[in-house]
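Before any comments, here is the structure.
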2 protein chains.
Amino acid sequence: MAQTDTVTRILDTAEVLFAERGFAETSLRTITSKAKVNLAAVNYHFGSKKSLIQAVFSRYLDPFTERFHRALDELQAHYGDAVIPLEALLETMARSVLEVPAERNSLKVFMRLLGLAYSQAQGHLRRYIQEEYGSVFTRFTELVRQATPELPDAERFWRLHFMLGTVIFTLSGLDALRDIAEKDYGDHVTVRELIRRLRPVVVAAMQAPMTAPAPQSVQEA
Amino acid sequence: MAQTDTVTRILDTAEVLFAERGFAETSLRTITSKAKVNLAAVNYHFGSKKSLIQAVFSRYLDPFTERFHRALDELQAHYGDAVIPLEALLETMARSVLEVPAERNSLKVFMRLLGLAYSQAQGHLRRYIQEEYGSVFTRFTELVRQATPELPDAERFWRLHFMLGTVIFTLSGLDALRDIAEKDYGDHVTVRELIRRLRPVVVAAMQAPMTAPAPQSVQEA
DNA sequence: TCCAATGATAAACAGCTGTTTCAAACATGC
DNA sequence: GCATGTTTGAAACAGCTGTTTATCATTGGA
């Protein structure tokens with residue numbers, strides 16, 4: 001065995017580079033040279049670049065989904081048959097997201113990867129994540145449904161994705177935004193502080209009053 | 001002159017392909033062959049692939065900023081010295097965004113490109129957009145400042161970017177989200193309808209109550 | 001001790017990338 | 001008509017891409 005496992009050295013290097021520059025823009029040669037590992041090692045241990053990308057995600061998402069499931073278990077046990085309030089659900093999710101990368105001090109990388117998963121072409125990634133980790137999301141949305149019975153299903157779906165966009169966009173572009181905020185407002189913000197700022201905004205957004213559907217006379221695009 | 005200008009044929013093809021697959025994942029050969037144009041034409045007319053990417057953005061952003069500036073002029077003329085309410089500002093912005101691509105029936109492409117500009121590596125793009133079109137955004141945020149005097153500057157900055165994330169994330173991933181929504185809720189939504197749904201959410205988010213700063217005892221990441 | 005399996009290494013592979021070159025075609029002004 | 005500047009065309013360029021091969025080293029078990 002080398003001083004640290006070749007596989008984990010590849011994963012450690014790859015996740016940072018992917019987060020910094022995207023998948024297509026990061027070559028295997030860049031990864032392997034920075035990881036002080038032979039080029040062929042990636043294909044030997046992971047099979048292909050695609051699989052390496054998925055492995056990087058699994059290493060974050062597997063512990064996350066496990067923790068999140070457990071946290072939801074506790075939450076449901078605590079509330080029994082009563083409806084879990086929206087704030088508690090959001091709080092639990094936030095805590096689960098924060099806990100995982102705390103073990104490896106890189107929430108920033110985690111969020112940036114999530115952002116890339118949504119925005120980059122990489123259709124295989126979205127499919128992989130959907131198939132592998134879709135069930136947690138389904139469970140969560142069902143609980144949100146019970147917490148917001150006044151919302152029509154479609155409206156809640158869209159608002160949840162509005163908020164997903166808020167979180168992913170903000171946290172994945174964190175460095176750039178933090179620089180601007182610090183320069184313009186002397187406001188050096190930490191991730192935990194950002195999440196504190198996010199909470200009331202997300203709650204207010206989910207509970208915003210609904211407006212009447214657009215009149216049909218308006219032309220469509 | 002060919003049946004349509006070589007330059008515009010390149011731009012038309014490039015913007016669609018970029019929106020579909022990202023910048024790094026779209027080769028000049030794919031663009032030129034699909035546009036039925038010689039490979040060298042891109043480098044001849046635009047100089048480089050980088051410049052082509054910027055040209056694609058200019059073609060959207062130049063008309064947009066011009067319209068948006070004009071719309072803000074009218075708004076300020078109408079309200080005189082009075083403070084323009086937040087809803088009116090957001091409404092004006094939404095209208096300006098909607099108007100531009102209506103001329104070329106591709107708001108979807110426009111939004112997807114905006115999303116890519118934020119998420120893709122392409123540091124040159126962010127710099128280009130910032131330098132070229134930053135002034136409109138500055139003007140807009142100043143008006144938002146007057147409309148929300150109760151918010152501290154830093155808080156307003158973050159909330160504006162929260163909402164920017166919401167809009168860009170939603171509209172740039174529109175196709176995928178729409179498919180899910182249609183399958184699960186039979187809800188076939190148009191862009192204009194989505195924007196109608198976005199409005200109350202954004203307003204509520206901007207006007208959400210503030211919570212006290214986190215106690216200093218909490219450890220930071 | 002020998003064998004087999006596993007892992008690491010360097011080299012080569014075919015294919016694609018953005019860009020350049022230079023000759024041909026074209027249009028335009030005189 | 002000729003000469004001018006502009007736009008196209010096919011081909012080549014050097015460089016990088018992911019992947020494969022074949023060789024070598026190292027290990028653990030019989």
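Here is how names work: the chains are called A, B, and so on, in the same order as the sequence lines, proteins then strands, and each is numbered from 1. Quantities reported herein were computed from a predicted structural model and do not represent experimental measurements.
The CZ atom of A:F64 sits 10.0 Å away from atom CG of A:L98, with the distance rounded to the nearest 0.5 Å.
Residue contacts for B:A40: at a heavy-atom cut-off of 4.0 Å it reaches a base atom on one of the strands shown. Residue B:T26 is classed as a sugar-phosphate contact, given heavy-atom separations below 4.0 Å to backbone atoms only.
For A:N38 and C:dA8, the shortest distance from a side-chain N or O to OP1 or OP2 is not below 4.0 Å. Taking side-chain N and O atoms only, A:T6 has no distance below 4.0 Å to OP1 or OP2 of C:dG7.
A straight line from CZ of B:R29 to P of C:dG15 spans 14 Å, rounded to a whole angstrom. Rounding to whole angstrom units, CD of residue A:E25 and P of D:dC16 are separated by 16 Å. To the nearest angstrom, C1' of D:dG18 lies 6 Å from CG of A:L28. We find that CD1 of A:I31 is positioned 12 Å from C1' of D:dT17, with the value rounded to whole Å. Taking atom NZ on A:K36 and atom P on C:dA10, their separation rounds to 14 Å, with Å as the unit. For B:H124 and C:dG18, the NE2 to P distance is 12 Å, given to the nearest whole Å. In this structure, A:D5 places its CG atom 15 Å from P of C:dT6, rounding to the nearest Å. The distance from atom CG of B:L39 to atom P of C:dG18 is 8 Å, rounded to the nearest whole Å.
Sorted by residue number, the members of residues 45-55 of chain B with any non-hydrogen atom under 4.0 Å from DNA chain D read B:H45.
With no hydrogens or angles considered, no side-chain donor-acceptor pair links A:T138 and A:S135 at under 3.5 Å.
Closest to the side chain of A:S27, out of C:dG18, D:dG18, C:dA8, is D:dG18. In this structure, the nucleotide among D:dG18, D:dT7, C:dT19 sitting nearest to the side chain of B:Y44 is D:dT7.
Using a cutoff of 4.0 Å between basic side-chain nitrogens and carboxylate oxygens, A:R159 and A:E155 are scored as salt-bridged. B:E142 has no carboxylate O lying under 4.0 Å from a charged side-chain N of B:R139, or vice versa, which leaves the two without a salt bridge. We find that A:D12 and A:K34 are not joined by a salt bridge, their nearest charged nitrogen and carboxylate oxygen being 4.0 Å or further apart.
Using cut-offs of 30° and 60° on the angle between ring planes, the pair A:F18 and A:F23 is perpendicular.
The side-chain contact (heavy atoms from CB on, under 4.5 Å) search around A:T92 returns A:F68, A:A71, A:L72, A:L75, A:R95, A:S96, not counting sequence neighbours.
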